[in-house]
Amino acid sequence: MERTRRWRWVLPSLAGLVATGAALGIAQLIAAIVAPTAGPFVVVGSLLIDASPAWSKHLAIGLFGKDDKGALLVGVGVALAILAALAGVIEVRRPPLGRVLIGAAAVFGVIAAATRAHPGALDPVPAVAAGLIGIVLLGVLVRRMPERAAPDPAPDGGAAPDPSRRLFVGWAVGAAVTGALATAGGVALEAGSRTVSAVRMALKLPMPAVAAPAVPAGADFGIPGLARIVTPSSSFYRIDTALAVPQIDPDSWRLVITGMVERDITLTWKELLALPLEESYATLACVSNEVGGDLIGNARWLGYPIRHLLERAGPSPRADMVLSSSQDGFTAGTPIEALTDPQRAAILAVGMNGEPLPPEHGFPVRMVVPGLYGYVSATKWVVKLEVTRYDKAAAYWTQEGWSAKGPVKLESRIDVVRKQKDGYVVAGVAWHQHVGVRSVEVRIDGGPWQTAELSTPISADTWVQWRLPWHPEHGSHTIAVRARGADGELQTAARADVVPDGATGYHTITVTT
């Protein structure tokens with residue numbers, strides 16, 4: 001009897017999972033052919049990101065950091081698996097409600113595809129295909145299910161047909177294999193058709209008209225475990241709202257400058273590269289970076305000053321903000337004075353560390369604005385700059401309750417406590433972009449603050465390394481760090497969360513020597 005009860009939900013759940021899995025796999029293959037960025041997981045996940053409250057996005061970044069998108073996709077997969085199993089059970093007990101549930105999920109996918117930023121005409125096709133295939137397969141599998149998986153006989157003695165278990169297993173295995181092969185084919189087709197990646201690999205950026213200063217001797221202490229003064233592109237943090245990295249052909253890229261301007265401007269990729277590009281080092285930080293966190297990095301950027309383009313457009317003197325828009329629908333509101341400041345290297349960047357921007361960091365064009373958190377300045381895949389006012393427009397994250405202007409706060413971090421021949425060294429980094437760091441102090445076990453040695457800074461727009469020799473006694477020790485800005489500001493000890501404008505407080509660790 002117990003085995004029979006189990007059988008009543010095991011096989012229906014399996015039917016739902018197989019039908020839905022095969023449908024999603026075939027839909028992924030179709031997406032690779034007709035709409036590469038509109039796969040079912042991507043469009044649903046993107047809609048969930050946009051619809052989620054700010055606290056849940058912050059929680060995801062806090063828990064998973066740079067892996068937040070992978071965690072979301074896993075979550076979507078688990079939710080779909082539960083929905084698929086439930087659809088199978090419902091279809092056996094109350095047909096055709098299981099198929100109706102799959103159809104409703106497909107409608108949700110169509111809505112997600114049609115309402116995303118810059119949707120293509122064929123973007124809803126994969127979701128439609130997934131729904132139709134899932135409905136048909138679930139019906140076929142349920143009809144071929146062994147009798148003991150079906151509901152109890154009706155009062156009049158009637159019962160469902162009793163196909164052999166072997167026939168059901170054959171259909172289930174066939175559907176599962178088809179879905180797996182379709183998924184593999186979709187992934188392979190996407191990899192083989194990424195012409196944008198091929199264009200990027202073949203691209204040679206022009207030499208800068210203004211080169212970045214050489215990294216000075218003494219800028220990097222070279223201590224193992226200490227963040228390098230220039231972050232490799234491959235390990236640079238990535239936080240954005242794009243589940244699928246936008247694939248933009250540079251030849252089709254356009255930047256539109258509009259809004260409160262005397263004249264609209266449209267800039268092409270070739271026109272941008274023909275301008276006198278400038279190179280500079282800048283440290284970028286995410287506002288979601290916790291005290292002591294790693295959502296920060298320093299790179300060498302190549303691009304064109306945004307202030308020159310705004311001058312051509314002629315912004316209204318009443319404008320106080322530029323709303324930048326990404327190809328994926330993200331927006332950021334940047335104070336116009338930060339973009340027009342001749343002392344600030346606010347650029348449309350095309351290069352990172354001597355190469356074209358990596359796709360996940362905004363290829364072909366992104367914004368880089370030193371001194372502001374990324375959520376108000378560092379728009380990737382940028383396609384539009386709208387000159388406007390803060391009282392007329394709100395950006396993606398400011399609509400979620402984050403502060404409007406987002407200046408980077410003075411912070412410091414302990415990276416490593418390392419044993420050396422003559423004792424220990426405590427080392428880390430400190431930053432206050434567009435202001436600079438004057439000094440760093442370290443306190444051990446609540447004692448007096450000790451001045452650490454600073455590395456030679458590249459510029460006021462970049463972080464700086466620090467180190468302090470240490471000769472501890474054996475045992476447990478508490479170490480705290482604080483920095484002082486070049487303007488005399490002392491880093492605050494007050495602990496604050498990242499919401500609404502960045503975390504504060506001393507980074508403190510406990511070590512045993």
Side-chain angles (χ1 to χ4, degrees), residues 118 194-214 230-234 236 238 240 242 245-258 261 263-282 284 298-315 322 324-328 330 332 334 338-342 344-370 374 377-387 459 461:
H118 309 290
R194 287 173 182 159
T195 55
V196 171
S197 295
V199 169
R200 177 188 173 274
M201 293 294 291
L203 183 63
K204 183 176 177 60
L205 294 175
M207 294 294 292
V210 178
V230 178
T231 309
S233 301
S234 59
F236 204 94
R238 179 196 168 195
D240 53 55
V245 175
Q247 301 293 305
I248 306 174
D249 185 341
D251 286 339
S252 66
W253 176 84
R254 298 290 186 275
L255 176 76
V256 176
I257 302 177
T258 187
V261 294
R263 64 195 68 83
D264 288 353
I265 290 178
T266 299
L267 186 70
T268 68
W269 170 254
K270 290 182 179 179
E271 289 171 340
L272 176 57
L273 290 193
L275 296 172
L277 304 183
E278 299 183 6
E279 196 177 48
S280 57
Y281 286 93
L284 301 186
N298 183 54
R300 176 164 53 98
W301 307 96
L302 174 68
Y304 187 68
I306 297 173
R307 66 180 184 276
H308 296 328
L309 295 174
L310 291 177
E311 287 171 3
R312 286 168 51 184
V322 173
S324 54
S325 299
S326 166
Q327 176 73 21
D328 73 328
F330 173 82
T334 310
L339 299 178
T340 56
D341 180 2
R344 191 188 306 246
I347 60 173
L348 287 177
V350 297
M352 179 180 186
N353 290 334
E355 297 180 344
L357 291 171
E360 64 272 18
H361 289 296
F363 181 81
V365 184
R366 68 170 294 165
M367 290 173 61
V368 172
V369 184
S377 67
T379 303
K380 303 174 185 177
W381 314 291
V382 62
V383 293
K384 182 181 178 182
L385 299 180
E386 179 186 357
V387 178
S459 75
D461 289 333

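Residues: numbered from 1 along the sequence shown.
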Between CD1 of Ile265 and CD of Glu311, what distance do you get to the nearest 0.5 Å?
10.5 Å
Nearest 0.5 angstrom please: Lys204 NZ to Leu273 CG, how far?
12.5 Å
Provide the closest heavy-atom pair for Gly351 versus Leu205 in the form atom of the first, atom of the second, distance.
CA-CD1, 3.7 Å
Before giving the answer on side chain to side chain contact (heavy atoms under 4.5 Å, CB included), spell out for Val368 and Leu284 the whole-Å C-alpha distance, their side-chain angles and the decisive distance to 0.1 Å.
CA-CA 8 Å; Val368 172; Leu284 301 186; 4.0 Å; yes
Applying side chain to side chain contact (heavy atoms under 4.5 Å, CB included) to Phe330 and Asp240, what does each step give before you reach the verdict?
CA-CA 8 Å; Phe330 173 82; Asp240 53 55; over 6 Å; no
Please report the interatomic distance CG(Leu385) to CG(Leu255), rounded to the nearest 0.5 Å.
4.5 Å
Answer yes or no: is there a donor N or O on one side and an acceptor on the other, between the side chain of Trp253 and the main chain of Val382, under 3.5 Å?
yes
From CA spacing to verdict: side chain to side chain contact (heavy atoms under 4.5 Å, CB included), Val256, Asp264
CA-CA 7 Å; Val256 176; Asp264 288 353; 5.5 Å; no
Arg200 (side chain) donor-acceptor with Leu357 (main chain) under 3.5 angstrom:
yes
Gap between atom OG of Ser233 and atom CD of Glu360 - 0.5 Å precision:
8.5 Å
Spatial distance of atom CD (Glu279) from atom CZ (Arg300) [nearest 0.5 Å]
4.5 Å
Judged by atom type as modelled, is there a donor-acceptor pair below 3.5 Å linking the side chain of Gln247 to the main-chain atoms of Val245?
yes
Would the distance check show the side chain of Arg263 and the main-chain N or O of Arg312 forming a donor-acceptor pair, the cut-off being under 3.5 Å?
yes
Just do the side-chain hydrogen bond (donor to acceptor under 3.5 Å, both in side chains) check on Ser459 and Asp461 with the steps written out, would you?
CA-CA 5 Å; Ser459 75; Asp461 289 333; 4.6 Å; no
Taking side chain as C-beta onward, heavy atoms only, is Arg254 less than 4.5 Å from Thr268?
yes
Can you name the closest pair of heavy atoms from Pro370 and Ala345 and give their distance?
CD-O, 3.3 Å
List, one per line, each side-chain donor-acceptor pair under 3.5 Å for residues 302-309, sequence neighbours excluded.
none

Report yes if the side chains of Trp269 and Asp249 come closer than 4.5 Å at any heavy-atom pair, otherwise no.
no
Test item: Lys270 and Asp251 side chains (from C-beta on) under 4.5 Å apart, heavy atoms:
yes
What one should report as the nearest heavy-atom pair of Asn353 and Thr231 is ND2-O, 3.0 Å
What closest approach, in Å, do Thr334 and Ser377 show between heavy atoms, and which atom pair accounts for it?
OG1-CA, 3.6 Å
With respect to Ser324, which candidate in Lys380, Arg366, Met367 satisfies the side chain to side chain contact (heavy atoms under 4.5 Å, CB included) definition?
Met367
Which heavy-atom pair separates Pro356 from Phe363 by the least distance, and what is that distance?
CB-CE1, 4.2 Å
Over all heavy atoms of both residues, which pair between Ala349 and Trp301 is shortest? Give the atoms and the distance, please.
CB-CE3, 4.3 Å
